[in-house]
S.K.: 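Here you go, one structure.
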Amino acid sequence: MIFGVCFFHAVILERKKFGPLGWNIRYEFSDSDRECAQLNCQMFCAEGIIPWDALIYITGMITYGGRVTDAIDQRCLETILKTFFYPNTLEEGYKYSPSGIYYAPDYPTLQEYRDYIETLPINDEPEIFGMHENANIAFQAEETNHLIQTILDVQPRQSSGGTGKSNDEIVYELAESILGKLMDKLDIEQANQEMFEPDEKGRLNSLTTVLTQEVDRFNKLLKVIKNSLDQLKKAIKGFVVMSDELELVYQAFINSQVPSLWANAAYPSLKPLGSWVNDLIYRCAFIDNWVRHGQPKSFWMSGFFFPQ
């Protein structure tokens with residue numbers, strides 16, 4: 001039982017590395033939770049009887065569940081608990097996972113338990129977390145991105161001297177270049193009025209509604225981009241203070257990445273900065289053509305801000 005509680009504690013901590021696949025919300029489970037669960041076992045089992053219903057409820061709903069605020073996470077936590085802390089876990093030959101690698105051994109000494117734990121795989125398989133093996137792909141991708149981002153963040157920022165351009169000049173020219181390529185806004189007022197004429201039942205064409213929503217979304221994104229670029233240019237020239245937000249845009253430009261300020265206001269994309277800007281230009285041109293010349297004969301589905 002004690003081994004099961006400790007294993008359960010380790011599993012719910014390690015599930016955090018899978019991000020939203022592990023938990024909807026990152027909970028700060030601590031050693032005090034495990035100690036409390038063990039003290040409950042000691043207290044309730046003092047007379048040699050195991051009140052499973054009480055122990056499972058207190059451990060799953062109070063000791064650990066008291067930290068959980070999401071209903072789906074609570075259900076997940078209770079399901080995981082039953083794998084490690086349940087009457088059938090005391091049966092002979094019970095395994096924690098299908099492979100049979102993980103189980104609670106029956107040794108007389110603590111050192112033998114430690115020796116067994118040392119034989120467990122260094123890189124835990126997703127099966128022990130109750131997850132598909134593809135879950136490791138998401139974890140490894142996140143870990144790789146974090147490593148690359150750290151390397152980019154610590155690299156020297158000073159220019160090498162000589163006739164090379166300084167970082168300020170590079171970022172300023174890039175900001176001007178992007179501003180020069182992007183249109184000011186998509187003007188729905190220029191649209192053909194035939195698209196807004198209702199049918200005999202007074203209903204507006206559904207595709208016109210889609211167009212209106214797309215124009216609003218792209219205009220909000222263009223506004224965020226243009227405002228940040230204007231402020232960034234002024235900050236580089238010293239006319240305004242370089243805020244934390246502008247500093248992140250500056251660093252993203254140096255690393256040829258899409259600033260998080262833009263990404264948070266935009267559609268999902270994995271493109272680097274140059275390709276991302278070109279993609280945005282094509283998307284805006286597609287919507288602008290629809291506005292000016294009416295409904296196209298074919299639609300660029302992936303060019304929509306919200307394809308769903």
Side-chain angles (χ1 to χ4, degrees), residues 1-136 138-140 143:
M1 285 174 66
I2 296 299
F3 191 87
V5 168
C6 294
F7 216 115
F8 164 74
H9 180 78
V11 165
I12 62 173
L13 285 178
E14 284 294 301
R15 276 180 73 97
K16 290 195 287 187
K17 74 180 185 181
F18 296 105
L21 292 178
W23 300 107
N24 289 333
I25 302 170
R26 283 178 176 261
Y27 302 102
E28 296 302 320
F29 299 113
S30 64
D31 281 343
S32 63
D33 298 327
R34 175 184 52 78
E35 292 168 4
C36 187
Q38 291 174 340
L39 286 171
N40 285 331
C41 289
Q42 183 180 357
M43 179 175 64
F44 281 90
C45 300
E47 297 181 3
I49 301 172
I50 304 175
W52 278 110
D53 290 342
L55 285 173
I56 290 169
Y57 181 84
I58 291 172
T59 306
M61 298 295 290
I62 300 173
T63 306
Y64 285 95
R67 295 184 183 274
V68 178
T69 55
D70 184 89
I72 303 299
D73 283 343
Q74 178 62 48
R75 189 173 70 178
C76 179
L77 182 120
E78 291 177 42
T79 304
I80 297 170
L81 180 65
K82 289 179 181 178
T83 303
F84 303 98
F85 193 69
Y86 211 65
N88 62 344
T89 60
L90 300 184
E91 296 174 1
E92 189 174 348
Y94 179 81
K95 308 292 184 183
Y96 291 146
S97 66
S99 66
I101 299 172
Y102 304 93
Y103 61 92
D106 185 14
Y107 294 134
T109 65
L110 183 61
Q111 185 57 46
E112 287 177 292
Y113 276 92
R114 288 174 176 157
D115 293 340
Y116 160 70
I117 292 167
E118 290 295 326
T119 65
L120 296 176
I122 294 175
N123 297 318
D124 303 308
E125 294 297 325
E127 64 165 18
I128 189 59
F129 304 107
M131 306 177 78
H132 191 272
E133 59 185 13
N134 284 349
N136 256 347
F139 159 62
Q140 290 163 355
E143 198 172 48

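As a basis for the values below, the full set of heavy atoms in this structure was taken, side chains included, without hydrogen atoms, waters or symmetry mates.
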S.K.: Got a donor-acceptor contact below 3.5 angstrom from the Asp33 side chain to the Ser30 backbone?
M.R.: yes

S.K.: Can you confirm whether the side chains of Ser99 and Glu127 place a donor and an acceptor under 3.5 Å from each other?
M.R.: yes

S.K.: Nearest 0.5 angstrom please: Glu125 CD to Met131 CE, how far?
M.R.: 13.0 Å

S.K.: Quick one: list whatever passes ring-ring contact (aromatic ring centres under 6.0 Å, His included) with Tyr116, sequence neighbours left out.
M.R.: Tyr103

S.K.: Would Val5 and Thr59 satisfy side-chain contact (heavy atoms from CB on, under 4.5 Å), going step by step from the backbone distance to the final call?
M.R.: CA-CA 9 Å; Val5 168; Thr59 306; 5.6 Å; no

S.K.: Could you tell me whether Asp106 atom CG has more than 12 heavy atoms of other residues or ligands within 6.0 Å of it?
M.R.: no

S.K.: Considering residues, nucleotides and ligands other than Lys82, do more than 12 of their heavy atoms fall under 6.0 Å from its NZ?
M.R.: no

S.K.: How would you list, by chain and number, every residue that makes a side-chain hydrogen bond (donor to acceptor under 3.5 Å, both in side chains) with Asp73, sequence neighbours excluded?
M.R.: Tyr27

S.K.: If we ignore hydrogens and angles and just use 3.5 Å, is the side chain of Arg15 paired with the main-chain N or O of Phe129 as donor and acceptor?
M.R.: yes

S.K.: Using 0.5 Å steps for rounding, measure from the SG atom of Cys41 to the CZ atom of Phe85.
M.R.: 3.5 Å

S.K.: Would you find a donor on one side and an acceptor on the other, under 3.5 Å apart, between the side chain of Arg26 and the backbone of Lys16?
M.R.: yes

S.K.: Quick check: are there more than 12 heavy atoms from other residues, nucleotides or ligands sitting under 6.0 Å from CG of Asp31?
M.R.: yes

S.K.: How far apart are the C-alpha atoms of Thr63 and Phe29, what are their side-chain angles, what is the distance that settles it, and do they pass the side-chain contact (heavy atoms from CB on, under 4.5 Å) test?
M.R.: CA-CA 10 Å; Thr63 306; Phe29 299 113; over 6 Å; no

S.K.: Would you check if there is a donor-acceptor pair between the side chains of Glu78 and Gln74 at a distance under 3.5 Å?
M.R.: yes

S.K.: If you take the centroid of each ring, where Trp contributes its six-membered ring, are Phe84 and Phe7 closer together than 6.0 Å?
M.R.: yes

S.K.: Does the gap between the ring centers of Phe18 and Trp23 come in under 6.0 Å?
M.R.: no

S.K.: Are there over 12 heavy-atom neighbours, none belonging to Gln111, within less than 6.0 Å of that residue's CD?
M.R.: yes

S.K.: Between His9 and Tyr64, what is the ring plane arrangement, given parallel below 30°, perpendicular above 60°, and tilted in between?
M.R.: tilted

S.K.: CZ of Phe139: more than 12 outside heavy atoms within 6.0 angstrom?
M.R.: yes

